[in-house]
Amino acid sequence: MVGLRQVERERVGGRRSLSVWPESPEAIHAEYDRRERVYLGLEYTDAERTSLNLFEARDTEDRLIAATRRIMRDIGFTVEVDAAAVATTRCTLRVRSDVSQSPNTLEAYRVIGDGIWRRSRVQEELASWALRGCYLGRWLFEAQRGEDGLGYIVPHDPRSMRVWRDGFGRVTRALSVYTEQPPPPALGSAAVPAGGTTVSREITLTEQRTQVGTAPVTVDPIALGVVPVTVWTYRDVGKELPLWAGHGFEACLASVDSAFTQIQTVGTRQSNPVLVSTGVGLADGADLSAMGRSVAIPTGATLEWLEPELRGIDSLIASANAQSDRLRQTIFEFLFTEAGSGASGLALSHRAAGFVGKIEPIREALYRALALVTSYAVAAELNQTWTEEHDIFTVDGGEALPLDVEAMAALYMTLYGAGHLSHVDTVSSLQALGLVPAGDPVAYVAELDAMKAAEQAREADAMDAESADADEPEAAEDESEPSDPE
């Protein structure tokens, strides 16, 4: 008969437990991989089942027949809500209002920055970058000057790029190692492409050292004067490895997964009873569960199915559900689900304020990293040494929570009518709400002004024409009147 038991294995010496924060590059890389597995909902590893003391079912010969697997999607939901609040559909690149350069210089930089965003597909890829940054805890951006002489923004997974920073947070060295895949074979070719080539790049303040495979190292000078790499950190705690969106409640969810797996395993045993006999000899391989089978039982003998009782399942289910509910009450992101539907209006308001307070620093960190790397790319495209004068950009992502678009549009128009917002600022705000076509707000205002001037000119011409038509009959009447005899 199969036995069910909670497996508590002996801890293996040297195995990393959850209380040890990764510090070495190898351990940090492994933690990034683990976080990705958690978000994707992949199976628990043996080490995770051991360190988290998760449920396993084994038979009398200690063979594994069932193991805890990831069932709850709370972490995946939290990651996706945070990513959606960070990478809104209304992210726009703007020029800061506190810069002092000449208008012509600012306009030239803005046009170049818009081109860099368009070529780098920032708007299209931002949601993917935000999602991976939320479940990894870090994402990097590099400004590059392409072979066409134009600037680009290149994203980097933290597993493929490592950076060193000074006491002010500025990147002073970056090391990138990745595998460059060979081009696909030509159509109709039977050739099988060889394996990828490892490319290593080390970037410092003065030069870039590159090695492709086993080829000699090439050294190229860097004229920017900075390492053109920026880092977006989900939440910095002063460690080499930052926090991620699933930090703090993974162990609780693992316990719930363990309980639900145990419930399912017991339920499976209930539908797969064991045959118990007394005084009956059964041949090996006898399939008594098949349709139409019968057995001759001697007097005094018994033959019956033994089924486990489920009296403790209800309490186990209630305990798992209560634990899950208590966890969700502490997670602001569950404001948007039925977990928050029973709360009062004041409680929901507090949860909304808590979510905004949590996500705003995360959003601002990403927007600042994007704005700074854009200024690096502008300087690279102009082939200039980067200075503070290039740092003119800001990224506006709109509001973290969905807004009442109609009410916000009315507010912007009221402020514009009262003279508290300029025409350009009003158009830019309406663009963020999705009410005005995306593009350059200055050009849009100029187009509106031109259309308005043309309309006014047409109205003036029409009024002049009406006035001329009204004057013609009066002139004809004057000519037909008889002259004065005197």
Side-chain angles (χ1 to χ4, degrees), residues 1-22 27 30-81 134-135 137 243-274 307-331 333-334 337-339:
M1 178 178 177
V2 176
L4 302 178
R5 60 189 176 90
Q6 189 81 13
V7 176
E8 173 64 32
R9 301 179 191 168
E10 181 181 357
R11 297 296 188 267
V12 178
R15 175 173 291 171
R16 181 180 64 84
S17 68
L18 296 181
S19 62
V20 178
W21 198 251
E31 175 63 14
Y32 283 138
D33 290 341
R34 193 193 66 81
R35 292 177 178 183
E36 187 171 56
R37 289 200 315 273
V38 173
Y39 169 70
L40 296 176
L42 303 182
E43 297 289 340
Y44 287 101
T45 64
D46 291 340
E48 288 172 331
R49 286 199 298 268
T50 299
S51 61
L52 292 169
N53 193 25
L54 302 182
F55 171 81
E56 291 180 356
R58 293 178 176 269
D59 61 17
T60 55
E61 298 181 2
D62 202 35
R63 292 176 301 190
L64 181 66
I65 60 175
T68 299
R69 63 184 185 277
R70 301 189 196 277
I71 299 174
M72 307 298 292
R73 279 212 75 249
D74 293 40
I75 289 180
F77 175 81
T78 303
V79 167
E80 289 159 7
V81 170
C134 285
Y135 72 67
L243 301 185
W244 65 301
H247 180 77
F249 51 95
E250 183 181 355
C252 180
L253 288 177
S255 177
V256 175
D257 287 340
S258 181
F260 280 129
T261 303
Q262 186 175 0
I263 293 169
Q264 184 180 31
T265 303
V266 174
T268 301
R269 290 298 308 126
Q270 170 72 4
S271 62
N272 185 25
V274 176
E307 298 177 342
E309 297 181 357
L310 303 180
R311 287 177 298 186
I313 290 295
D314 290 341
S315 61
L316 191 58
I317 293 175
S319 176
N321 287 333
Q323 190 172 1
S324 176
D325 291 341
R326 285 195 298 269
L327 173 66
R328 291 176 178 178
Q329 290 174 4
T330 66
I331 302 175
E333 284 79 358
F334 280 86
T337 69
E338 292 182 358

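Keep in mind the model is a prediction, meaning the values are calculated, not measured.
To the nearest 0.5 Å, atoms CG (D46) and CG (L54) are separated by 11.0 Å. If you take CD on E48 and CG on L42, they are separated by 10.0 Å, rounding to the nearest 0.5 Å. To the nearest 0.5 angstrom, Y39 atom OH is 6.0 Å from R73 atom CZ.
The pair R35-E250 fails the salt-bridge criterion, with no side-chain N (NZ, NE, NH1 or NH2) lying under 4.0 Å from an Asp/Glu carboxylate O.
Nearest heavy-atom pair, R70 versus R37, reported as atom, atom and distance to 0.1 Å: NE-O, 4.2 Å. Pairing each heavy atom of L52 with each of A254, the nearest pair is CD1-CB, 3.7 Å. Smallest separation of non-hydrogen atoms from V79 and C134: CG1-CB, 4.0 Å.
Among residues two or more places apart in sequence or in another chain, the side-chain hydrogen bond (donor to acceptor under 3.5 Å, both in side chains) test is passed with E36 by Y135, R159.
Y44 pairs in a side-chain hydrogen bond (donor to acceptor under 3.5 Å, both in side chains) with only one of the listed residues (T50, T261, T68, D257), which is D257.
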